[in-house]
There are 2 protein chains.
Amino acid sequence: MSYSYEYPRPSVTVDAVVFGYDAGELRVLLIERGEEPFRGAWALPGGFVGLDEDLDAAARRELREETGIEPVLLEQLRAFGTRGRDPRGHTVTVAFVALVKLGDHSVQAATDAADARWFPANDPPALAFDHAAILQCARAHMIEAVRTRPVGFDLLPAQFSQTDLQKLVESVLGEELDKRNFRKKLHALGLLLPTGEYETGVPRRAAQLYRFDAARYASLLKEGFQFRL
Amino acid sequence: MSYSYEYPRPSVTVDAVVFGYDAGELRVLLIERGEEPFRGAWALPGGFVGLDEDLDAAARRELREETGIEPVLLEQLRAFGTRGRDPRGHTVTVAFVALVKLGDHSVQAATDAADARWFPANDPPALAFDHAAILQCARAHMIEAVRTRPVGFDLLPAQFSQTDLQKLVESVLGEELDKRNFRKKLHALGLLLPTGEYETGVPRRAAQLYRFDAARYASLLKEGFQFRL
DNA sequence: CCCAATGGTGTATATCGGACACTCAGAGCT
DNA sequence: AGCTCTGAGTGTCCGATATACACCATTGGG
């Protein structure tokens with residue numbers, strides 16, 4: 001099957017920077033390319049957009065096909081369209097950022113992906129195409145997002161300690177924060193619900209576990225509330 | 001001439017939201033479409049991306065062709081690719097925001113554009129495609145940008161009064177600011193050079209004119225300086 | 001000469017952000 | 001049982017920042 005157009009034009013792809021959080025470190029999901037170009041290299045999951053397919057639907061589909069992951073939160077980063085970024089010819093890619101709770105998903109490589117694995121987001125391997133630049137841009141996006149929106153809660157399990165959250169924020173920002181000041185702000189937001197439950201199996205005093213009050217956040221937003229950490 | 005591909009796929013266009021500032025109001029440059037679809041309707045300037053053409057180069061080219069404008073500052077907003085946004089078939093557009101000093105450019109419609117004119121950015125006419133949504137997004141972008149980056153200086157003439165700048169910021173934000181507090185912050189930034197010249201032809205005390213210290217801003221940026229108004 | 005309109009200027013107060021250190025709880029080990 | 005280790009939990013002070021607020025000066029025009 002083949003299709004004709006009056007003018008030559010770039011192709012459109014989507015790529016997803018999927019972040020997860022595990023072992024105190026921000027991680028990014030990469031696939032090993034099973035096809036040329038860059039066969040055997042690590043890359044962001046993604047692929048061509050189908051005709052009449054929404055961009056975010058395409059990103060979700062490619063993620064599902066290549067890695068088995070179905071993210072809850074997926075938002076557009078921006079388009080990358082520098083000439084020469086794809087050796088097959090000019091392609092414009094629309095990059096997305098997705099956040100997943102690592103425990104909720106097991107990664108399963110398929111279709112174009114020979115393998116799919118989590119890597120440290122701040123120390124990734126060499127990447128195909130211009131994916132290193134896209135990842136860099138996504139990390140900058142996260143630095144902004146983690147301070148101004150409650151994104152941490154999409155990366156942590158449903159229940160988490162205040163320290164869990166702080167370590168995550170520190171990992172994204174790449175800098176350490178003061179425990180008391182962090183908690184002061186956190187409580188001031190009023191978005192944490194104490195569960196009454198505690199960590200188990202830790203060789204020290206167990207930290208209390210909290211839950212994110214999504215309903216309250218939604219209603220605060222309507223009143224012009226601005227999240228800030 | 002015709003080109004063939006193995007798979008059907010969306011086309012790529014660029015659209016530019018060009019902002020200017022005049023008569024105390026933020027303005028946006030629109031063209032009247034000279035071709036179907038939406039012939040006769042107002043729309044953002046833009047068009048198809050050529051093969052092997054960078055996205056920003058395409059946006060600049062379309063702007064030049066359709067309106068005669070060559071903006072200094074052009075930055076990507078994001079991609080819009082919702083199915084059905086273009087009646088000709090699926091097209092993905094990458095939207096840009098451009099800022100121009102109104103006095104430096106005279107607008108000249110050509111090629112696909114039957115006309116090109118400035119409209120109030122906060123009260124635009126009905127627009128073709130999903131351009132109203134793109135404009136909305138661009139305005140939100142400006143609200144963010146005007147507080148965190150010295151964008152006002154790209155919209156004003158080389159010399160301007162403090163009040164000019166304040167009125168511009170107020171027009172973008174859609175809210176009024178306190179004169180003394182605004183000037184306090186402005187002076188604290190240390191980015192205004194007094195020119196010693198004054199307004200002329202005004203029926204009141206003439207305001208002193210200033211110039212933006214771009215060199216100083218560039219050097220401050222390297223030291224991790226964050227602009228904030 | 002008076003009026004209208006805007007230019008230009010400082011202080012006092014509330015709020016926010018950042019620095020900073022100790023005690024307590026619980027698990028594991030001897 | 002007692003000791004040790006690790007991280008949990010908690011409040012104050014100070015400096016910086018943001019906001020509210022009012023009057024006189026200057027100029028052109030009528």
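The model shown is predicted, which means the values in this text are computed figures rather than measured ones. Throughout, protein chains are lettered first and strands after them, A, B, ... in sequence-line order, and every chain is numbered starting at 1.
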Nt span of DNA chain C in reach of chain B heavy atoms at under 4.0 Å, 5' end first, is C:dA5 to C:dT11
From [atom1] of [X] over to [atom2] of [N], roughly how many Å is that when rounded to an integer?
{"X": "A:F160", "N": "D:dA8", "atom1": "CZ", "atom2": "P", "answer": "15 Å"}
{"X": "A:Y198", "N": "D:dT6", "atom1": "OH", "atom2": "P", "answer": "23 Å"}
{"X": "A:R183", "N": "D:dG7", "atom1": "CZ", "atom2": "P", "answer": "13 Å"}
{"X": "A:E197", "N": "D:dA8", "atom1": "CD", "atom2": "P", "answer": "18 Å"}

Are any of the side-chain heavy atoms of B:P194 and B:L192 separated by less than 4.5 Å?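 They are not in contact (no side-chain heavy atoms under 4.5 Å apart), so the answer is no.
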* Asked: Salt bridge or not for B:E75 and A:R78, using N-O below 4.0 Å?
  ->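 Result for this pair is no, no salt bridge flagged.
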Quiz prompt | salt bridge (charged side-chain N to carboxylate O under 4.0 Å, His left out) partners of residues 118-132 of chain B, not counting sequence neighbours, each pair once | solution =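 Qualifying pairs: B:R85-B:D130.
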Next on the checklist: Applying salt bridge (charged side-chain N to carboxylate O under 4.0 Å, His left out) as the test, list every pair that has at least one member in residues 172-187 of chain B; sequence neighbours left out.
Outcome noted: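 Found none.
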Going through the checks in order, is the side chain to side chain donor-acceptor pair (under 3.5 Å) test met by A:Q166 and A:E170? CA-CA 6 Å; A:Q166 183 179 344; A:E170 288 175 345; 3.0 Å; yes
Atom of B:K101, atom of B:D154 and distance for their closest heavy-atom approach:
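It is CG-O, 3.2 Å.
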message: Does anything in residues 94-124 of chain B form a ring pair (Phe, Tyr, Trp, His ring centres under 6.0 Å)? List the pairs, not counting sequence neighbours.
response: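 Every ring pair (Phe, Tyr, Trp, His ring centres under 6.0 Å) pair that includes a residue of residues 94-124 of chain B, provided the two are not neighbours, is B:W42-B:F119.
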inquiry  = Considering every strand and a 4.0 Å limit on heavy-atom distances, what is the contact class for A:S161: base, sugar-phosphate, or nothing?
reply    =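 Here A:S161 touches no strand at all.
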Residues in residues 140-151 of chain A with a heavy atom under 4.0 Å of DNA chain D, by number, are none
Residues 13-30 of chain B side chain polar contacts: donor-acceptor under 3.5 Å, at least two apart:
unit_1, atom_1, unit_2, atom_2, d
B:T13, OG1, B:T93, OG1, 2.8
B:D15, OD2, B:T93, OG1, 2.6
B:Y21, OH, B:L168, N, 3.3

Return all side-chain donor-acceptor pairs below 3.5 angstrom for residues 212-229 of chain B, not counting sequence neighbours, or 'none' if the list is empty.
unit_1, atom_1, unit_2, atom_2, d
B:D213, OD1, B:R216, N, 3.0
B:R216, NE, B:G190, O, 3.0
B:S219, OG, B:R216, O, 3.2
B:Q226, NE2, B:T148, O, 3.2

Contact check, residues 222-229 of chain A vs DNA chain C, heavy-atom distance under 4.0 Å, returns none
Handout entry: salt bridge (charged side-chain N to carboxylate O under 4.0 Å, His left out) assessment of A:E199 paired with A:R204
Key = CA-CA 10 Å; A:E199 290 179 310; A:R204 50 168 163 88; 3.0 Å; yes
Hits for salt bridge (Lys or Arg N to Asp or Glu O under 4.0 Å) against A:R64, two or more places apart or cross-chain, chain-then-number order -> A:E70
- prompt: Who are the side chain to side chain donor-acceptor pair (under 3.5 Å) partners of A:R139, not counting sequence neighbours?
  reply: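 For A:R139 the side chain to side chain donor-acceptor pair (under 3.5 Å) partners, ignoring immediate neighbours, are A:N122.
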Per-nucleotide protein contact along nucleotides 20-28 of chain D, 5' to 3', at a 4.0 Å heavy-atom cut-off (B base, S sugar-phosphate only, - neither), is BBB---BBS
Applying ring pair (Phe, Tyr, Trp, His ring centres under 6.0 Å) to B:F129 and not counting sequence neighbours gives B:F38, B:H131
